[in-house]
Amino acid sequence: MVTVISLGGSIVAPDGVDVPFLKEFLSLTGDFLNRDKEQRFILVVGGGGPARTWQNAYREIAASTKDEEADWIGVMATRLNAQLVKAIMGDWCTQPVITNPSEAGPFTGRILVAAGWKPGFSSDYDAVLLAERFQAAMVLNLSNIKQVYTDDPRKNPDAKPLNAISWKDFRAMVGETWTPGKNVPFDPIASRHAATLGLKVICAAGNDLPNLSSILEGKPFIGTLIG
(Lines give C-alpha, C1' and ligand atoms only; values in the text may rest on other atoms or scores of the structure.)
Protein backbone atom coordinates (compact mmCIF):
# COMPACT_ATOMS: atom_id res chain seq x y z
CA MET A 1 0.00 0.00 0.00
CA VAL A 2 1.28 3.44 -0.95
CA THR A 3 0.44 6.42 1.26
CA VAL A 4 1.26 9.92 0.01
CA ILE A 5 2.05 12.46 2.71
CA SER A 6 2.36 16.11 1.79
CA LEU A 7 4.73 17.13 4.57
CA GLY A 8 4.29 20.87 4.98
CA GLY A 9 7.40 22.97 5.16
CA SER A 10 5.74 24.79 8.05
CA ILE A 11 6.33 21.72 10.25
CA VAL A 12 9.68 20.59 8.82
CA ALA A 13 11.24 24.05 8.94
CA PRO A 14 8.89 26.67 10.41
CA ASP A 15 11.89 28.96 10.86
CA GLY A 16 14.94 26.80 11.27
CA VAL A 17 14.75 23.00 11.10
CA ASP A 18 12.42 21.42 13.69
CA VAL A 19 14.81 18.70 14.80
CA PRO A 20 12.59 17.19 17.56
CA PHE A 21 9.69 16.82 15.12
CA LEU A 22 11.83 15.13 12.47
CA LYS A 23 13.23 12.69 15.04
CA GLU A 24 9.71 11.72 16.13
CA PHE A 25 8.44 11.53 12.54
CA LEU A 26 11.35 9.24 11.60
CA SER A 27 10.51 6.98 14.54
CA LEU A 28 6.81 6.85 13.62
CA THR A 29 7.35 6.04 9.94
CA GLY A 30 9.95 3.42 10.79
CA ASP A 31 7.55 1.79 13.23
CA PHE A 32 4.83 1.52 10.59
CA LEU A 33 7.24 0.14 7.99
CA ASN A 34 8.51 -2.49 10.43
CA ARG A 35 4.98 -3.56 11.37
CA ASP A 36 3.58 -3.71 7.83
CA LYS A 37 5.93 -4.99 5.13
CA GLU A 38 3.49 -3.87 2.41
CA GLN A 39 3.38 -0.26 3.59
CA ARG A 40 5.28 2.37 1.60
CA PHE A 41 5.34 6.13 1.97
CA ILE A 42 5.80 8.94 -0.53
CA LEU A 43 6.82 12.10 1.34
CA VAL A 44 6.40 15.37 -0.56
CA VAL A 45 8.20 18.12 1.33
CA GLY A 46 7.30 21.81 1.27
CA GLY A 47 9.44 24.94 1.61
CA GLY A 48 8.15 26.39 4.88
CA GLY A 49 9.80 29.32 6.62
CA PRO A 50 12.97 29.33 4.49
CA ALA A 51 10.92 29.68 1.30
CA ARG A 52 8.98 32.66 2.61
CA THR A 53 12.08 34.29 4.12
CA TRP A 54 14.00 34.13 0.86
CA GLN A 55 10.94 35.16 -1.20
CA ASN A 56 10.37 38.18 1.07
CA ALA A 57 14.03 39.14 0.74
CA TYR A 58 13.71 39.00 -3.05
CA ARG A 59 10.62 41.22 -2.97
CA GLU A 60 12.32 43.70 -0.63
CA ILE A 61 15.56 43.96 -2.59
CA ALA A 62 14.51 43.81 -6.24
CA ALA A 63 13.24 46.97 -7.92
CA SER A 64 10.59 44.90 -9.68
CA THR A 65 9.65 41.29 -9.01
CA LYS A 66 8.22 38.39 -10.95
CA ASP A 67 6.05 35.61 -9.55
CA GLU A 68 8.06 33.05 -11.52
CA GLU A 69 11.31 34.09 -9.84
CA ALA A 70 9.69 34.01 -6.38
CA ASP A 71 8.26 30.58 -7.17
CA TRP A 72 11.69 29.24 -8.16
CA ILE A 73 13.07 30.45 -4.82
CA GLY A 74 10.30 28.51 -3.07
CA VAL A 75 10.98 25.42 -5.17
CA MET A 76 14.65 25.47 -4.17
CA ALA A 77 13.69 25.68 -0.50
CA THR A 78 11.54 22.55 -0.88
CA ARG A 79 14.48 20.72 -2.42
CA LEU A 80 16.78 21.57 0.49
CA ASN A 81 14.16 20.38 3.00
CA ALA A 82 13.46 17.25 0.96
CA GLN A 83 17.14 16.35 0.75
CA LEU A 84 17.33 16.54 4.54
CA VAL A 85 14.27 14.29 4.92
CA LYS A 86 15.69 11.78 2.41
CA ALA A 87 19.02 11.70 4.24
CA ILE A 88 17.51 11.03 7.67
CA MET A 89 15.40 8.18 6.27
CA GLY A 90 18.61 6.25 5.58
CA ASP A 91 18.13 2.78 4.08
CA TRP A 92 14.35 3.22 3.98
CA CYS A 93 14.87 5.64 1.05
CA THR A 94 17.21 4.32 -1.64
CA GLN A 95 16.22 6.61 -4.53
CA PRO A 96 17.13 10.25 -5.27
CA VAL A 97 14.71 13.03 -4.39
CA ILE A 98 12.01 13.35 -7.05
CA THR A 99 11.90 16.85 -8.54
CA ASN A 100 9.69 16.05 -11.56
CA PRO A 101 6.68 13.88 -10.65
CA SER A 102 5.74 13.45 -14.31
CA GLU A 103 8.99 11.51 -14.83
CA ALA A 104 9.01 9.51 -11.59
CA GLY A 105 10.34 6.04 -12.31
CA PRO A 106 9.52 2.79 -10.50
CA PHE A 107 9.18 3.02 -6.72
CA THR A 108 11.66 0.39 -5.57
CA GLY A 109 12.21 1.22 -1.90
CA ARG A 110 9.95 1.71 1.13
CA ILE A 111 10.07 5.54 1.19
CA LEU A 112 10.22 7.92 -1.75
CA VAL A 113 10.90 11.61 -1.09
CA ALA A 114 9.84 14.38 -3.47
CA ALA A 115 10.24 18.16 -3.59
CA GLY A 116 8.87 21.07 -5.60
CA TRP A 117 8.87 20.82 -9.38
CA LYS A 118 8.46 24.18 -11.12
CA PRO A 119 6.63 27.52 -10.85
CA GLY A 120 2.85 27.71 -10.98
CA PHE A 121 1.81 25.64 -7.97
CA SER A 122 3.00 24.37 -4.60
CA SER A 123 4.35 20.96 -3.60
CA ASP A 124 0.71 19.97 -2.91
CA TYR A 125 0.27 19.54 -6.66
CA ASP A 126 3.31 17.29 -6.82
CA ALA A 127 1.68 15.15 -4.11
CA VAL A 128 -1.48 14.80 -6.20
CA LEU A 129 0.50 13.85 -9.31
CA LEU A 130 2.44 11.22 -7.38
CA ALA A 131 -0.77 9.84 -5.87
CA GLU A 132 -2.09 9.52 -9.42
CA ARG A 133 1.15 7.98 -10.71
CA PHE A 134 1.38 5.36 -7.94
CA GLN A 135 -2.38 4.79 -7.52
CA ALA A 136 -2.72 6.03 -3.96
CA ALA A 137 -6.34 6.55 -2.90
CA MET A 138 -5.60 9.41 -0.54
CA VAL A 139 -3.17 12.22 0.24
CA LEU A 140 -2.46 13.16 3.85
CA ASN A 141 -1.77 16.90 3.93
CA LEU A 142 0.12 17.69 7.13
CA SER A 143 0.66 21.33 8.04
CA ASN A 144 0.45 23.72 10.97
CA ILE A 145 -3.37 23.71 11.08
CA LYS A 146 -5.56 21.05 12.72
CA GLN A 147 -8.54 21.41 10.39
CA VAL A 148 -9.97 23.43 7.53
CA TYR A 149 -12.17 26.25 8.83
CA THR A 150 -15.16 28.03 7.30
CA ASP A 151 -13.04 31.20 7.34
CA ASP A 152 -9.62 32.32 8.58
CA PRO A 153 -9.88 31.83 12.37
CA ARG A 154 -7.12 34.39 12.92
CA LYS A 155 -9.35 37.07 11.42
CA ASN A 156 -12.84 35.75 12.11
CA PRO A 157 -13.57 34.48 15.66
CA ASP A 158 -16.80 32.92 14.37
CA ALA A 159 -14.94 30.62 11.94
CA LYS A 160 -15.78 26.98 12.58
CA PRO A 161 -13.69 23.83 11.97
CA LEU A 162 -14.94 21.36 9.37
CA ASN A 163 -14.76 17.58 9.70
CA ALA A 164 -15.49 17.16 5.99
CA ILE A 165 -16.04 19.31 2.92
CA SER A 166 -16.69 18.65 -0.78
CA TRP A 167 -14.19 19.64 -3.45
CA LYS A 168 -16.74 22.06 -4.88
CA ASP A 169 -17.10 23.93 -1.60
CA PHE A 170 -13.39 23.77 -0.78
CA ARG A 171 -12.38 25.15 -4.17
CA ALA A 172 -14.84 28.01 -3.71
CA MET A 173 -12.94 28.88 -0.53
CA VAL A 174 -9.36 28.76 -1.88
CA GLY A 175 -10.01 30.16 -5.35
CA GLU A 176 -8.54 29.18 -8.71
CA THR A 177 -5.16 30.91 -8.81
CA TRP A 178 -1.79 30.31 -7.19
CA THR A 179 0.65 32.98 -6.02
CA PRO A 180 4.07 32.14 -4.53
CA GLY A 181 3.88 31.76 -0.75
CA LYS A 182 0.07 31.61 -0.75
CA ASN A 183 -1.05 30.24 2.62
CA VAL A 184 -4.03 27.94 2.09
CA PRO A 185 -4.78 24.43 3.46
CA PHE A 186 -4.31 22.87 -0.01
CA ASP A 187 -3.27 24.83 -3.06
CA PRO A 188 -5.86 25.73 -5.75
CA ILE A 189 -4.05 24.01 -8.63
CA ALA A 190 -3.64 20.81 -6.62
CA SER A 191 -7.29 21.02 -5.54
CA ARG A 192 -8.52 21.27 -9.12
CA HIS A 193 -6.60 18.18 -10.22
CA ALA A 194 -7.50 16.19 -7.10
CA ALA A 195 -11.18 16.98 -7.68
CA THR A 196 -10.88 15.76 -11.28
CA LEU A 197 -9.31 12.50 -10.09
CA GLY A 198 -11.85 12.01 -7.30
CA LEU A 199 -8.90 11.87 -4.89
CA LYS A 200 -9.50 12.25 -1.17
CA VAL A 201 -7.31 14.55 0.89
CA ILE A 202 -7.07 14.68 4.68
CA CYS A 203 -5.80 17.94 6.18
CA ALA A 204 -4.44 17.57 9.71
CA ALA A 205 -1.86 18.96 12.11
CA GLY A 206 1.52 17.55 11.19
CA ASN A 207 3.10 17.93 14.61
CA ASP A 208 0.36 15.86 16.29
CA LEU A 209 1.97 12.49 15.68
CA PRO A 210 -0.50 10.44 17.79
CA ASN A 211 -3.23 11.86 15.55
CA LEU A 212 -1.20 10.90 12.46
CA SER A 213 -0.94 7.36 13.81
CA SER A 214 -4.73 7.28 14.17
CA ILE A 215 -5.16 8.36 10.55
CA LEU A 216 -2.76 5.71 9.28
CA GLU A 217 -4.46 3.04 11.38
CA GLY A 218 -7.94 4.00 10.20
CA LYS A 219 -9.02 5.17 13.65
CA PRO A 220 -10.98 8.35 14.53
CA PHE A 221 -8.86 11.45 14.08
CA ILE A 222 -8.92 15.25 14.20
CA GLY A 223 -8.75 16.74 10.74
CA THR A 224 -10.77 17.57 7.63
CA LEU A 225 -11.61 15.13 4.86
CA ILE A 226 -11.85 16.84 1.46
CA GLY A 227 -13.63 14.98 -1.31
Side-chain angles (χ1 to χ4, degrees), residues 2-13 41-52 55 67-68 70-79 81-82 85 97-104 107 112-150 152 162 164-206 212 215 223-227:
V2 175
T3 301
V4 177
I5 299 179
S6 184
L7 195 59
S10 59
I11 54 174
V12 172
F41 292 110
I42 298 176
L43 308 177
V44 186
V45 188
R52 290 184 178 85
Q55 286 168 339
D67 277 354
E68 183 177 7
D71 239 347
W72 272 121
I73 292 170
V75 167
M76 294 306 172
T78 72
R79 294 181 182 181
N81 290 340
V85 171
V97 171
I98 298 297
T99 56
N100 183 344
S102 69
E103 296 179 355
F107 183 0
L112 187 63
V113 177
W117 179 13
K118 61 183 179 179
F121 41 81
S122 77
S123 54
D124 292 340
Y125 184 59
D126 302 315
V128 172
L129 292 179
L130 288 166
E132 180 182 17
R133 167 71 177 83
F134 293 104
Q135 300 179 321
M138 186 179 298
V139 171
L140 306 184
N141 185 55
L142 304 182
S143 68
N144 58 357
I145 63 169
K146 291 183 178 181
Q147 290 179 281
V148 175
Y149 281 72
T150 54
D152 189 339
L162 299 167
I165 186 173
S166 69
W167 277 120
K168 179 181 178 182
D169 291 342
F170 182 79
R171 292 182 62 204
M173 289 172 57
V174 300
E176 294 291 329
T177 58
W178 166 255
T179 55
K182 187 170 184 174
N183 195 8
V184 291
F186 204 68
D187 103 47
I189 310 304
S191 298
R192 182 171 63 209
H193 194 55
T196 300
L197 296 174
L199 186 68
K200 294 180 180 180
V201 172
I202 290 176
C203 292
L212 173 57
I215 296 172
T224 301
L225 175 63
I226 311 174

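Note that the structure is predicted; figures quoted are calculated from it, not measured.
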Quiz item: Given side chains that start at C-beta, do those of Phe170 and Leu162 come closer than 4.5 Å, heavy atoms only?
Solution: no
Self-check item: Inter-residue atom distance Ile42.CD1 - Leu140.CG, 0.5 Å rounding
Solution: 11.5 Å
Quiz item: Tell me, do Asp67 and Pro119 make a side-chain contact under 4.5 Å, heavy atoms counted?
Solution: no
Quiz item: Do you know which two heavy atoms are closest between Val4 and Ala127, and how far apart they sit?
Solution: CG1-O, 3.7 Å
Quiz prompt | Shortest non-hydrogen contact between Pro185 and Cys203, atoms and distance | solution = O-SG, 4.1 Å
Quiz item: Short question: side chain of Arg79, backbone of Gly47 - any donor-acceptor pair under 3.5 Å?
Solution: no
Quiz item: Taking the six-membered ring for Trp, are Trp167 and Phe186 parallel (under 30°), tilted (30 to 60°) or perpendicular (over 60°)?
Solution: tilted
Quiz item: Taking the side chain from Gln55 and the backbone from Ala70, do they hold a donor-acceptor pair closer than 3.5 Å?
Solution: yes
Quiz item: How far apart are the closest heavy atoms of Ala136 and Leu199, and which atoms are they?
Solution: O-CD1, 3.5 Å
Quiz item: Could you give all pairs that pass the salt bridge (charged side-chain N to carboxylate O under 4.0 Å, His left out) test and reach residues 115-124, with sequence neighbours left out?
Solution: none
Quiz item: If you look at every heavy atom in Ala82 and Ala115, which pair is closest and at what distance?
Solution: CB-CB, 3.6 Å
Exercise. Only one of Val97, Asn81, Ile5 passes side-chain contact (heavy atoms from CB on, under 4.5 Å) with Val45; say which it is.
Key: Asn81
Self-check item: Taking every non-hydrogen atom, the tightest pair across Ala51 and Ile73
Solution: O-CG2, 4.4 Å
Quiz item: What closest approach, in Å, do Asp169 and Ile165 show between heavy atoms, and which atom pair accounts for it?
Solution: CB-CG1, 3.7 Å
Quiz item: Are the side chain of Ser123 and the backbone N or O of Asp126 linked by a donor-acceptor pair below 3.5 Å?
Solution: no
Quiz item: Ignoring hydrogens and geometry, is there a side-chain-to-backbone donor-acceptor pair from Asn144 to Ser10 under 3.5 Å?
Solution: no
Quiz item: Would you call Leu129 and Trp117 a side-chain contact if the rule is heavy atoms closer than 4.5 Å?
Solution: yes
